[in-house]
There are 2 protein chains.
Amino acid sequence: MKRDEEASAPLGIEDALAQLSFLVHGVVGKIGAEHDLSVIQARLLGILRDRSPGMNELARYLELDKSSITGLVDRAERRGLVRREPSRSDGRAVDVVITPAGRKLVSRLQAEFEKKIAVLVGVLTPAERASLSRLASRIVARD
Amino acid sequence: MKRDEEASAPLGIEDALAQLSFLVHGVVGKIGAEHDLSVIQARLLGILRDRSPGMNELARYLELDKSSITGLVDRAERRGLVRREPSRSDGRAVDVVITPAGRKLVSRLQAEFEKKIAVLVGVLTPAERASLSRLASRIVARD
DNA sequence: TATTGTTATACTCTATAACTATA
DNA sequence: TATAGTTATAGAGTATAACAATA
């Protein structure tokens, strides 16, 4: 949450992670914005890349109320990025499916994200990048 | 942006950083929510902890339009967390100053954040935590 | 003229509560 | 009764454009 002392005193791990988190989040936000997508819309597409969940399941993935998902999917659907398909096993439910246009867009976002992250971690040596990758993976794995 | 393969294949550095970023961002969000604060409001207080910037400067820190800052500060001011002070050097400008109540709240948030992050990085050894901290610091330092 | 900040407006995101339809 | 999803409503967060006041 601080912003000075970059080069001076080493950051505590909380500050280091907080700043890194906002930085990466900002990258997602900027890339999304270039395609008129919010972070949450980008995350939605990212999830639908390899899944076709129902609204409720989507709410659990995104940790949002299901009523929020309605609008989220509405707006994505209006743009032709996803579509609702009636579930065949449950008459109440729908499956949310990514469209070809949605898939194309999310691939593009992914590629741009990788490129920007590559620049950011370019200050590290390959060994350091591998190390960072492993450490970060271990932290998220316990979730 | 993926979510499976945690234990299986090692994550690419982009996925590892993306997941870590959302995780940390989520921690800030949850702690904030416990105090009826959004992430952006928490960040605002964090910035004001050691600064009393004008609206424009605040817009640069938060990378938002200045018109968005007006509402942000309005809501924080309504809750007694910050206050506007007319600048003495520039008749058009105001300084945004954190109040004692705001300072108290942000200290609490910081403490809770540190505690939760400590739990998250508890899967690492002290040496690994130091390593992660240094690597993350170097990435954010170049910003 | 340029800059600081606010206002008006419109849209996205979000939660809560009440509802419909199916299980 | 319980679950899947939507609707109505209200409020926060955001940007754009137009504005006021000061530099």
Side-chain angles (χ1 to χ4, degrees), chain A residues 22 25-26 28-48 51-79 81-97, chain B residues 22 25-26 28-48 51-79 81-97:
Chain A
F22 285 128
H25 205 267
V28 176
K30 271 167 209 148
I31 291 173
E34 287 166 17
H35 299 272
D36 269 297
L37 273 190
S38 64
V39 170
I40 190 67
Q41 289 283 342
R43 284 184 69 195
L44 172 64
L45 294 184
I47 287 172
L48 296 182
R51 266 166 283 250
S52 294
M55 301 295 281
N56 238 311
E57 207 177 338
L58 221 33
R60 279 194 301 276
Y61 276 127
L62 294 171
E63 301 187 270
L64 294 176
D65 190 88
K66 56 185 174 139
S67 67
S68 303
I69 304 296
T70 297
L72 213 56
V73 170
D74 280 351
R75 291 183 289 273
E77 197 168 28
R78 223 179 291 138
R79 293 182 53 176
L81 303 174
V82 311
R83 101 186 101 80
R84 282 169 169 94
E85 261 189 15
S87 163
R88 252 177 312 168
S89 52
D90 187 335
R92 302 166 297 179
V94 301
D95 293 338
V96 183
V97 184
Chain B
F22 283 128
H25 205 266
V28 175
K30 272 167 207 145
I31 291 174
E34 288 166 18
H35 298 272
D36 269 298
L37 273 191
S38 65
V39 170
I40 190 67
Q41 288 283 343
R43 283 184 71 195
L44 172 64
L45 295 184
I47 287 173
L48 296 182
R51 264 165 285 249
S52 295
M55 302 294 281
N56 238 311
E57 209 177 336
L58 222 31
R60 278 195 301 276
Y61 277 127
L62 294 170
E63 301 188 88
L64 295 176
D65 190 89
K66 57 188 174 135
S67 67
S68 303
I69 305 295
T70 298
L72 213 57
V73 170
D74 280 351
R75 291 183 289 275
E77 197 167 28
R78 225 180 289 138
R79 293 180 53 176
L81 302 174
V82 311
R83 104 187 99 81
R84 282 171 169 94
E85 262 189 13
S87 162
R88 251 179 312 169
S89 52
D90 187 335
R92 301 166 298 180
V94 299
D95 293 337
V96 182
V97 184

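Residue numbers begin at 1 in each chain, while the letters A, B, ... track the order of the sequences.
In terms of position along DNA chain C, the nucleotide closest to B/Asp95 lies nearer the 5' end than the nucleotide closest to the other residue of the pair B/Asp95 and A/Val39.
Across the protein-nucleic acid pair, A/Arg60 atom CZ and D/dA4 atom C1' stand 11 Å apart, rounded to whole Å. Separating the CG atom of B/Asp36 from the C1' atom of C/dT14 is a distance of 13 Å, rounded to the nearest angstrom. Rounded to an integer number of Å, the gap from B/Asp74 CG to D/dT14 P is 14 Å. Straight-line distance from the CG atom of A/Leu72 to the P atom of C/dT12: 11 Å, rounded to whole Å. Here the P atom of nucleotide D/dT6 and the CG atom of A/Leu58 are 11 Å apart, to the nearest Å. At whole-Å resolution of the value, CD in B/Gln41 and P in D/dA12 are 9 Å apart. Rounded to an integer number of Å, the gap from A/Leu37 CG to D/dA15 C1' is 16 Å. As a whole-Å value, the separation of A/Leu62 CG from C/dC13 P is 11 Å.
The list of salt bridge (charged side-chain N to carboxylate O under 4.0 Å, His left out) pairs with a residue in residues 52-62 of chain B, not counting sequence neighbours, is empty.
Side-chain nitrogen and oxygen atoms of B/Arg75 include none within less than 4.0 Å of the OP1 or OP2 phosphate oxygen of D/dG11. Between A/Asn56 and D/dT3 there is no side-chain N or O to OP1 or OP2 distance below 4.0 Å.
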Q: Heavy atoms under 4.0 Å is the rule here; annotate nucleotides 15-23 of chain C 5' to 3' with B where the base is hit, S where only the sugar-phosphate is, and - elsewhere.
A: BBB---BBS
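Under the salt bridge (Lys or Arg N to Asp or Glu O under 4.0 Å) criterion, B/Arg79 pairs with no residue, sequence neighbours left out. Residues meeting the side-chain contact (heavy atoms from CB on, under 4.5 Å) test with B/Ser68, sequence neighbours left out: B/Leu64, B/Asp65. Not counting sequence neighbours, A/Arg88 has no partner by the side-chain contact (heavy atoms from CB on, under 4.5 Å) test. Every residue two or more places apart in sequence or in another chain that forms a side chain to side chain donor-acceptor pair (under 3.5 Å) with B/Ser87 is listed here: B/Ser89. Remark: B/Val94 pairs with B/Met55, B/Arg84 by the side-chain contact (heavy atoms from CB on, under 4.5 Å) rule, at least two apart or across chains.
With values rounded to the nearest 0.5 angstrom, B/Leu58 atom CG is found 5.5 Å from B/Leu44 atom CG.
For the helix from C/dT1-D/dA23 to C/dA23-D/dT1, the angle separating the two terminal helix axes comes to 10°, with each axis derived from five pairs and the value rounded to 10°.
Within 6.0 Å of atom CD in A/Glu63, 12 or fewer heavy atoms from other residues, nucleotides or ligands are found, so the atom counts as exposed in its surroundings.
The side chain of B/Ile40 sits closest to D/dG13 out of D/dG13, C/dT4, D/dA4.
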Please table the atom pairs, donor to acceptor, closer than 3.5 Å between any side-chain atom in residues 29-38 of chain B and protein atoms at least two apart or in another chain.
unit_1: B/His35; atom_1: NE2; unit_2: B/Glu112; atom_2: OE1; d: 3.4
unit_1: B/His35; atom_1: NE2; unit_2: B/Glu112; atom_2: OE2; d: 3.1
unit_1: B/Ser38; atom_1: OG; unit_2: B/Gln41; atom_2: N; d: 3.2

